[in-house]
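These notes are about the structure you will find just below.
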Amino acid sequence: MSKLPRSFYTGGDVTNIARALLGKFLVTRSGRTMTAGIITETEAYAGVDDRASHAYGGRRTGRNEVMYGQGGFAYVYLCYGIHHLFNVVTNAEDIPHAVLIRAIHPIAGIRTMERRRDRAPLTTGGPGTLSQALGISTALNGTDLLGNTIWIEDRGLIVPRRSILTGPRIGVGYAGSDALLPYRFRIDPRNFAAWNDDKDRRDHARIR
DNA sequence: CAGCAGATTGACT
DNA sequence: GTCAATCTGCTGC
């Protein structure tokens, strides 16, 4: 396994990082319990110029403070008073870019995730549900993604560009013309459904 | 301080 | 399709 280095988060455009996160393994640890899934959907939030971003116009509050820190930290906030949404902070200090993780494909610790979700079948196809399955809450806001609580690994899974669907972000109609920006990225579900073998995914499978 | 909207989800008509 | 759950931050009185 190779944990993504700080430079992955601090270098490059937030939309490129959002694309590059597809196919990476998001892992959480709580005591001896590990859970993990493949990132299948992301959205980029481009800081002070992006009307959909919590940091639009330089807005800085207790909630979004971590966005203004260095890249490679977790920004977790409460949405609709109920759902804990997990974001990866990118870029340098004082440049509040972030990537919302919108969906994962469960890989490890399925039983634990089912228990946390307290629901059958296990679903991790939305930003709120994946956070719950992985045990991510606002208590983990500000967590260093180079630590051993939440991290992201490159396990060699290759996602060809033609397997990536691009489109406008979900639920940001309030953002005016910025709502139309093509900042949502996901692995083509038809393509993903063709993977029938979880072992292949674990062992450096290739999406075609 | 009241009211409201929000990077959502699941239950229900 | 409708709607409630319920915390944060913004707007207006």
Side-chain angles (χ1 to χ4, degrees), chain A residues 9 13-22 24 26 28 35 37 39-69 71-91 95-106 110 113-143 145 150 152 164-187 189:
Chain A
Y9 303 106
D13 181 86
V14 66
T15 58
N16 289 335
I17 296 173
R19 243 189 305 264
L21 282 169
L22 296 176
K24 299 295 189 290
L26 175 58
T28 60
T35 44
I39 296 171
T40 57
E41 181 176 344
T42 62
E43 282 178 358
Y45 286 85
V48 299
D49 299 319
D50 180 357
R51 290 164 74 183
S53 170
H54 288 168
Y56 174 63
R59 208 178 332 153
R60 193 165 183 160
T61 66
R63 179 177 70 161
N64 73 4
E65 179 62 28
V66 67
M67 293 182 82
Y68 287 84
F73 287 78
Y75 170 43
V76 187
Y77 78 95
L78 203 54
C79 186
Y80 292 100
I82 300 175
H83 306 290
H84 301 253
L85 270 51
F86 170 68
N87 297 253
V88 172
V89 175
T90 74
N91 219 298
I95 302 180
H97 291 184
V99 176
L100 170 69
I101 307 301
R102 284 197 64 89
I104 62 166
H105 177 84
I110 310 281
M113 292 195 266
E114 288 174 340
R115 190 170 63 251
R116 286 175 177 150
R117 289 279 295 134
D118 192 27
R119 222 171 234 98
L122 173 64
T123 54
T124 53
T129 60
L130 78 86
S131 292
Q132 188 179 27
L134 291 171
I136 296 172
S137 75
T138 55
L140 297 178
N141 184 41
T143 299
L145 300 181
I150 311 174
I152 302 175
I164 299 177
L165 303 180
T166 303
R169 293 169 292 187
I170 301 296
V172 296
Y174 58 89
S177 57
D178 286 349
L180 303 175
L181 292 170
Y183 283 2
R184 177 185 182 217
F185 308 97
R186 61 196 165 111
I187 296 175

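Sequence lines set the chain letters: A, B, ... in the order given, protein chains first and strands last, and positions in each chain run from 1. Predicted model, so just to flag it, every value in this text is computed and none were measured.
- Atom P of nucleotide C:dT8 and atom CG of A:Asn64 are separated by 13 Å, given to the nearest angstrom.
- Contact check, A:Arg119 against B:dT9: no side-chain N or O comes under 4.0 Å of OP1 or OP2.
- At whole-Å resolution of the value, OH in A:Tyr80 and P in B:dG10 are 14 Å apart.
- One distance of note links OG of A:Ser53 with CE of A:Met67; it measures 4.0 Å at 0.5 Å rounding.
- A salt bridge is defined here as a Lys NZ or Arg NE, NH1 or NH2 lying under 4.0 Å from an Asp or Glu carboxylate O, and A:Asp50 with A:Arg169 meets this definition.
- Scanning both residues, A:Leu145 and A:Val88, for their nearest heavy atoms gives CD1-CG1, 3.8 Å.
- Between B:dT8, C:dC10, C:dA5, one nucleotide has an atom nearer to the side chain of A:Ile82 than all others, and that is C:dA5.
- As rounded to the nearest Å, B:dC12 and C:dT6 have P atoms that lie 16 Å from one another.
- No side-chain donor-acceptor contact under 3.5 Å links A:Thr123 and A:Thr129.
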Practice prompt. Return one dot-bracket line describing DNA chain C 5' to 3' (Watson-Crick or G-U wobble pairs, both distances under 3.5 Å; ( ) same strand, [ ] crossing, | another strand, . none).
Written response: |||||.||||||.
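- Comparing B:dG10, C:dT8, B:dT9 by their closest approach to the side chain of A:Arg63 singles out C:dT8.
- For A:Arg59, the listed nucleotide lying nearest its side chain is C:dC10; candidates were B:dT8, B:dA11, C:dC10.
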Check: residues 175-186 of chain A side-chain donor-acceptor pairs under 3.5 Å, at least two apart:
| from | atom 1 | to | atom 2 | distance (Å) |
| --- | --- | --- | --- | --- |
| A:Asp178 | OD2 | A:Arg51 | N | 2.8 |
| A:Arg184 | NE | A:Glu41 | OE2 | 2.8 |
| A:Arg184 | NH2 | A:Glu41 | OE2 | 3.0 |

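- Between A:Gln132 atom CD and B:dT8 atom C1' the separation is 12 Å, expressed in whole Å.
- Separating the OH atom of A:Tyr77 from the P atom of C:dC10 is a distance of 14 Å, rounded to the nearest angstrom.
- In this structure, a donor-acceptor pair under 3.5 Å is present between the side chains of A:His54 and A:Tyr75.
- The CZ-P distance, from A:Arg51 to B:dA5, rounds to 17 Å in whole Å.
- Within the 4.0 Å cut-off from OP1 or OP2 of B:dG6, not a single side-chain nitrogen or oxygen of A:Arg169 is found.
- Checked for salt-bridge contact, A:Arg102 and A:Glu43 meet the test: a charged N lies under 4.0 Å from a carboxylate O.
- The nearest whole Å value for the distance from the CZ atom in A:Arg117 to the P atom in B:dA11 is 9 Å.
- Here the P atom of nucleotide B:dT8 and the CD1 atom of A:Ile101 are 14 Å apart, to the nearest Å.
- Among the heavy atoms of the strands, none lies under 4.0 Å from A:Thr138.
- Rounded to an integer number of Å, the gap from A:Leu78 CG to C:dT6 P is 11 Å.
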